[in-house]
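In what follows, chains are A, B, ... by sequence order, proteins preceding strands, each numbered from 1.
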Number of protein chains: 2
Amino acid sequence: MSRSARSGTREEILDAASWLFAATGFKGTSLQDIAGAVGCSKAALLYHFDGKDAILAELLAPAVEAFETLDARLAALGDEAVRRAAVEGFVDLVMRFRREVTVLYGDLPDLLQRPAFAGVQEMTDRLLAALTGRSAEPAARAAALLVLGGVPVACMEPCGIGDDELRSALVRSAARALDPTGA
Amino acid sequence: MSRSARSGTREEILDAASWLFAATGFKGTSLQDIAGAVGCSKAALLYHFDGKDAILAELLAPAVEAFETLDARLAALGDEAVRRAAVEGFVDLVMRFRREVTVLYGDLPDLLQRPAFAGVQEMTDRLLAALTGRSAEPAARAAALLVLGGVPVACMEPCGIGDDELRSALVRSAARALDPTGA
DNA sequence: GTCTATACAATGATAGAC
DNA sequence: GTCTATCATTGTATAGAC
């Protein structure tokens with residue numbers, strides 16, 4: 001049945017897409033999935049938006065805008081104050097836009113659930129426990145997650161630094177992040 | 001591996017797929033892209049492999065195996081030694097299998113290059129500089145990358161901890177990781 | 001055993017009817 | 001303005017040539 005044309009369809013699309021992107025990833029969500037959740041046709045989506053990318057862009061616009069605000073704020077600070085402000089501002093930004101960040105990182109859990117990775121999730125959980133020294137404290141777990149997510153990113157980026165130097169820098173920095181007796 | 005060493009097509013496929021997956025992501029690489037790089041047909045790929053997932057599985061198998069080795073080694077350690085071993089073992093693992101890790105995280109750079117994120121890359125570079133206190137030291141940059149990659153991961157994982165507690169734990173841990181005067 | 005040829009359902013996207 | 005009809009491309013599957 002052709003459903004009556006409504007003007008609230010745009011918001012419905014954004015809402016459904018936000019949920020689906022976070023749950024199954026951007027590439028893992030088809031226009032038909034979104035259309036099915038909204039209750040309209042695939043082509044109807046493409047009337048309201050210029051494509052799948054446009055839906056993503058509109059969903060992430062507030063997060064990008066907040067990032068721009070932080071960027072401008074940091075630019076006005078001196079070298080000694082900028083680091084503390086950057087740490088707190090970045091943490092705040094990510095926590096405030098958790099849903100959007102989940103969309104950005106959403107394709108990784110998708111990959112990890114493939115048969116090729118049977119057991120990897122469990123090993124990762126044990127690695128997390130090891131990184132905390134098998135502590136059950138939430139703060140220790142948070143630090144371990146920071147290391148777990150940060151080391152691969154640091155290794156992927158080409159940073160004009162030798163492998164040995166990068167390795168020792170990461171080991172030292174990660175050890176400090178995990179140190180419960182630290183500052 | 002291959003009993004009839006008449007053709008090295010299998011290895012050529014793995015080599016091309018490894019390069020393409022790292023460059024454009026898993027979902028962003030089509031079988032036709034791989035076939036084109038190898039110089040064979042799409043169907044020829046599917047003779048050698050049971051599908052796109054099977055190519056990925058074989059590419060990542062050595063990394064998964066090394067992870068299993070680390071997992072077993074950590075299981076034999078006591079609580080006080082396990083953390084240091086986990087840190088070093090994890091860093092070593094990720095650095096040794098950089099290419100494979102890049103494949104796993106490969107869909108994120110793909111997303112970041114969309115028009116929706118014009119300027120985000122530059123802001124991220126400035127955020128990195130801020131996290132180092134605008135220092136040019138490679139070790140400081142490595143620590144900043146660790147924080148940049150780790151905070152989102154820590155925020156995405158449900159860890160049964162209040163938002164305020166998680167925030168302060170992350171701010172403290174990230175500050176320690178970035179502290180150049182630390183241990 | 002290795003591969004070409006062909007067909008298939010589902011995807012993102014477009015043109016044009018109403 | 002909204003949606004039907006259609007398109008090229010994707011991953012996958014089968015048949016059969018050498």
Side-chain angles (χ1 to χ4, degrees), chain A residues 1-21 23-60 103 106-107 110-117, chain B residues 1-60 103 106-107 110-111 113-117:
Chain A
M1 317 297 189
S2 72
R3 102 183 348 270
S4 65
R6 297 154 304 158
S7 39
T9 308
R10 237 188 107 91
E11 278 67 31
E12 279 187 59
I13 292 170
L14 283 174
D15 199 54
S18 172
W19 175 259
L20 288 169
F21 285 168
T24 60
F26 176 71
K27 295 214 185 87
T29 302
S30 72
L31 291 183
Q32 222 153 30
D33 293 335
I34 305 173
V38 173
C40 68
S41 76
K42 207 170 45 162
L45 301 181
L46 296 166
Y47 160 70
H48 290 286
F49 296 92
D50 286 345
K52 209 178 162 189
D53 284 27
I55 300 178
L56 180 72
E58 190 146 330
L59 272 179
L60 268 42
V103 173
D107 285 307
D110 191 64
L111 279 176
L112 283 178
Q113 263 174 340
R114 286 163 191 279
F117 296 101
Chain B
M1 313 261 187
S2 64
R3 291 186 303 270
S4 69
R6 274 205 64 202
S7 170
T9 308
R10 230 188 114 89
E11 279 67 30
E12 279 185 62
I13 292 170
L14 284 175
D15 200 54
S18 172
W19 174 259
L20 287 170
F21 285 168
T24 60
F26 176 71
K27 295 213 186 87
T29 302
S30 72
L31 291 182
Q32 226 154 28
D33 294 335
I34 304 174
V38 172
C40 69
S41 76
K42 210 170 42 161
L45 300 182
L46 295 167
Y47 162 70
H48 291 284
F49 296 93
D50 286 344
K52 207 179 164 189
D53 284 28
I55 300 178
L56 179 71
E58 189 147 330
L59 271 179
L60 298 182
V103 172
D107 284 307
D110 192 64
L111 279 178
Q113 264 175 338
R114 287 164 190 280
F117 296 100

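- Taking 4.0 angstrom as the limit, A:H48 places none of its side-chain polar atoms (N or O) nearer than this to OP1 or OP2 of D:dG1.
- Counting only heavy atoms from C-beta outward, the side chains of B:L59 and B:V103 never approach each other to under 4.5 Å.
- At the phosphate of C:dC3, OP1 or OP2 sits under 4.0 Å from a side-chain N or O atom of B:T9.
- For the pair A:K27 NZ and C:dG12 C1', the computed distance is 13 Å after rounding to whole Å.
- By the side-chain contact (heavy atoms from CB on, under 4.5 Å) test, A:A44 is found to be paired with A:C40, A:S41, residues two or more places apart in sequence or in another chain being considered.
- Scored by the side-chain contact (heavy atoms from CB on, under 4.5 Å) test, B:I13 finds B:T9, B:I34, B:V38, B:L45, B:H48, B:F49, B:I55 as partners (sequence neighbours excluded).
- Distance B:L31 CG to D:dT10 P: 9 Å, rounded to the nearest Å.
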Identify every side-chain donor-acceptor pair in residues 18-26 of chain B under 3.5 Å, counting partners at least two apart or on other chains, and give the distances.
| unit_1 | atom_1 | unit_2 | atom_2 | d |
| --- | --- | --- | --- | --- |
| B:S18 | OG | B:R99 | NH1 | 2.5 |
| B:T24 | OG1 | B:L20 | O | 2.9 |
| B:T24 | OG1 | B:T29 | OG1 | 2.6 |

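- Rounded to whole Å, atom C1' of D:dT10 lies 12 Å from atom NZ of A:K52.
- Between B:Y47 and the phosphate of C:dT2, there is a side-chain N or O to OP1/OP2 separation shorter than 4.0 Å.
- Put simply, CG on A:L56 is 12 Å from P on C:dA13, counting in whole angstrom units.
- A search for salt bridge (charged side-chain N to carboxylate O under 4.0 Å, His left out) contacts involving B:D53 returns A:R114, not counting sequence neighbours.
- One finds a side-chain N or O of B:Q32 lying less than 4.0 angstrom from the OP1 or OP2 phosphate oxygen of D:dT10.
- Under the rule for a salt bridge (charged side-chain N to carboxylate O under 4.0 Å, His left out), the partners of B:K27 that lie at least two apart in sequence or sit in another chain are A:D107, A:D110.
- B:F49 places its CZ atom 16 Å from the P atom of D:dA13, with the value rounded to the nearest Å.
- With rounding to whole Å, A:I13 atom CD1 is found 12 Å from D:dC3 atom C1'.
- Rounded to the nearest 0.5 angstrom, A:R10 CZ and A:L14 CG are separated by 6.0 Å.
- In this structure, the CG atom of A:D50 is 16 Å from the P atom of C:dG12, given to the nearest Å.
- Shown for residues 39-46 of chain B: residues whose heavy atoms fall under 4.0 angstrom of DNA chain D, namely B:K42, B:A43, B:L46.
- For B:S30, taking side-chain heavy atoms from C-beta onward, the closest of the listed nucleotides C:dC3, D:dT10, C:dA13 is D:dT10.
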